[in-house]
Amino acid sequence: MIQAFIFDLDGVLTDTAEYHYRGWKRLADEEGLPFSREDNEHLRGVPRRESLMLILKGRSYPEEKILEMMERKNNYYLDFIKEISPRDLLPGARELLEEIHASGRKNALGSASKNAPEVIDRLGIRDLFDALSDGHSVERQKPAPDLFLHAAAQLGLSVADCVVVEDAAAGIEAALAGGFRAVGLGPRERVGQAQAVFPSLDGVHLADLLKSLNEE
Ligand code: B16
Ligand code: MG
């Protein structure tokens, strides 16, 4: 029986990708590095350091400079997310979290972002979560399964009891590597490895998720 859902944050519950983009874009412009919206698509679900490495495309910098650039981008990002409010929840997200809770099942967060708790607070959905796992929770990030395993352990549930909801290829890979079932949100080319795929959470109810996973 499915007893819990582990939700990714960026691209699933809200679109912080836009703010990550603006932060990286400002840094890239300051450093004279080419960086487009299309490049940003490859950073979906990718942790901070790995994101910078993708932007640097093999250019080598001293470690000190790398840390400084990561911090600079994060400061820009922190400024942008001050604007986040409950209006920034993606359509269907709150309704689904509430429905899962009301059914006696649990919600957990599994986000690679170190800023995830602040975003959850600003979205006004903290009380709908039974566990939060974020970029501080584990060493090995997605596509390693550690973050989702951390969330399941916090809930006191086994992998078979939990379903991961993700929008990124790296996130689906992480879920499957941990033995979880996954619901993918977005185009099949990106999330087609998941057991069930929806365009987004808009209009998706608990019954739809259970049905898509053959658990009515
Ligand atoms: P931070 P998710 C991910 O969030 C983002 O998709 C990714 O673009 C970002 O680089 C990563 O979090 C780390 O975020 O710099 O705030 O620690 O999709 O796992 O919720
Ligand atoms: Mg994501």
Side-chain angles (χ1 to χ4, degrees), residues 5-28 35-56 66-84 88-90 93 97 107-123 125 129 131-151 164-175 177-178 180 182-187 190-191 193-194 197-201:
F5 289 86
I6 304 173
F7 289 89
D8 173 53
L9 178 63
D10 177 23
V12 171
L13 301 175
T14 190
D15 257 330
T16 31
E18 177 61 24
Y19 300 114
H20 284 295
Y21 167 70
R22 288 188 212 166
W24 287 126
K25 179 67 182 156
R26 187 161 167 195
L27 176 88
F35 182 62
S36 65
R37 279 191 183 272
E38 203 196 324
D39 295 331
N40 191 58
E41 278 302 299
H42 299 291
L43 308 186
R44 240 172 219 279
V46 177
R48 202 179 302 168
R49 175 181 276 268
E50 283 69 30
S51 295
L52 178 59
M53 293 305 143
L54 289 174
I55 293 168
L56 296 181
I66 287 174
L67 294 175
E68 183 277 319
M69 288 192 282
M70 281 164 58
E71 196 188 337
R72 198 176 347 144
K73 180 267 174 177
N74 194 52
N75 286 335
Y76 297 150
Y77 180 73
L78 288 173
D79 257 359
F80 294 134
I81 65 171
K82 285 195 189 116
E83 307 288 315
I84 292 182
D88 293 301
L89 274 166
L90 284 169
L97 291 168
N107 292 315
L109 187 78
S111 167
S113 174
K114 292 187 163 137
N115 301 301
E118 179 167 346
V119 174
I120 289 294
D121 282 341
R122 290 189 184 279
L123 291 170
I125 51 173
F129 284 93
L132 298 183
S133 295
D134 63 29
H136 292 289
S137 303
V138 294
E139 289 263 317
R140 287 195 314 163
Q141 298 295 336
K142 304 166 191 178
D146 305 28
L147 187 69
F148 298 135
L149 294 171
H150 184 274
V164 170
V165 185
E166 258 287 353
D167 72 309
I172 303 289
E173 205 183 319
F180 294 92
V183 171
L185 303 182
R190 196 170 80 207
V191 294
Q193 299 297 314
V197 175
F198 294 89
S200 72
L201 290 182

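In listed order, ligands and their atoms are each counted from 1.
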Next on the checklist: Side chain, backbone, both or neither: which applies to Val12 and ligand 1 if a contact is any heavy-atom pair less than 4.0 Å apart?
Outcome noted: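 Neither; nothing of Val12 gets under 4.0 Å from ligand 1.
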Next on the checklist: Give me the atom names and distance for the closest heavy-atom approach of Ala93 to Leu13.
Outcome noted: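 What the structure gives for the nearest pair is CB-CD2, 4.0 Å.
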Item to check | Non-hydrogen atoms of Gly110 and Lys142 that approach each other most closely | outcome: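 Looks like O-NZ, 3.2 Å.
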Checklist entry - Which residue from Leu43, Ile81, Leu54 reaches closest to atom 8 (O) of ligand 1 through any of its heavy atoms? => result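 It is Leu43 whose heavy atom sits nearest to atom 8 (O) of ligand 1.
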Item to check | Nearest-option assignment for atom 19 (O) of ligand 1, heavy atoms, candidates Ala17, Ala112, Ala170 | outcome: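 Result: the heavy atom closest to atom 19 (O) of ligand 1 is in Ala112.
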Around [atom], find the nearest protein heavy atom and jot down its residue, atom name and distance.
{"atom": "atom 2 (P) of ligand 1", "answer": "Asp8 OD1, 3.0 Å"}
{"atom": "atom 15 (O) of ligand 1", "answer": "Arg48 NE, 2.7 Å"}
{"atom": "atom 9 (C) of ligand 1", "answer": "Val46 O, 3.3 Å"}
{"atom": "atom 16 (O) of ligand 1", "answer": "Ser113 OG, 2.6 Å"}
{"atom": "atom 4 (O) of ligand 1", "answer": "Asp10 CB, 3.6 Å"}
{"atom": "atom 17 (O) of ligand 1", "answer": "Lys114 N, 2.7 Å"}

Checklist entry - Can you name the one residue among Asp15, Val119, Asp121 that meets side chain to side chain contact (heavy atoms under 4.5 Å, CB included) with Ile84? => result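 With Ile84 as partner, Asp15, Val119, Asp121 yield a single side chain to side chain contact (heavy atoms under 4.5 Å, CB included), made by Val119.
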Next on the checklist: Rounded at 0.5 Å granularity, tell me how far CG in Asn74 sits from CH2 in Trp24.
Outcome noted: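 The CH2 atom of Trp24 is 8.5 Å from CG of Asn74, to the nearest 0.5 Å.
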Item to check | From Asp8 atom CG to Leu185 atom CG, the distance as rounded to the nearest 0.5 Å | outcome: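 Separation between the atoms: 8.5 Å.
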Determine, using heavy atoms of [X] and all atoms of ligand 1, whether some pair is separated by less than 4.0 Å.
{"X": "Ala168", "result": "no"}
{"X": "Ser51", "result": "yes"}
{"X": "Met70", "result": "no"}

Checklist entry - Considering only heavy atoms of Ser111, which atoms of ligand 1 have at least one such atom less than 4.0 Å away? => result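 Answer for ligand 1: 2 (P), 4 (O), 19 (O), 20 (O).
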Checklist entry - Short list, please: which atoms of ligand 1 are under 4.0 Å from a heavy atom of Leu9? => result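 Counting atoms of ligand 1 from 1, those under 4.0 Å from Leu9 are 20 (O).
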Checklist entry - Which of the N/O/S atoms in Asp10 sits closest to the Mg ion (ligand 2)? => result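 This turns out to be O.
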Checklist entry - Once rounded to 10 degrees, what value does the angle at the Mg ion (ligand 2) take between OD1 (Asp167) and OD2 (Asp8)? => result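 Centred on the Mg ion (ligand 2), the OD1/OD2 angle is 80° (to 10°).
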Checklist entry - Given the rule in the side chain to side chain contact (heavy atoms under 4.5 Å, CB included) test, do Ser111 and Asp10 qualify, once you have shown the distances and angles that lead to the verdict? => result CA-CA 8 Å; Ser111 167; Asp10 177 23; 5.9 Å; no
Item to check | Flag side-chain contact, heavy atom, 4.5 Å: Asp88 against Arg122 | outcome: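 No, every pair of side-chain atoms sits at 4.5 Å or beyond.
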Next on the checklist: I'd like to know if Arg37 pairs up with Glu41 as an ion pair, taking the criterion as any Lys NZ or Arg NE/NH1/NH2 lying under 4.0 Å from an Asp or Glu carboxylate oxygen.
Outcome noted: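 Judged by the 4.0 Å cut-off on N to carboxylate O distance, Arg37 and Glu41 do not form a salt bridge.
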Checklist entry - For Asn115 and ligand 1, does the shortest N/O to N/O distance drop below 3.5 Å? => result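 Yes; at least one N/O pair falls below 3.5 Å.
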Checklist entry - Aromatic rings Tyr77 and His20: how do their planes relate, parallel, tilted or perpendicular, breaks at 30° and 60°? => result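 Answer is parallel, since the angle falls under 30°.
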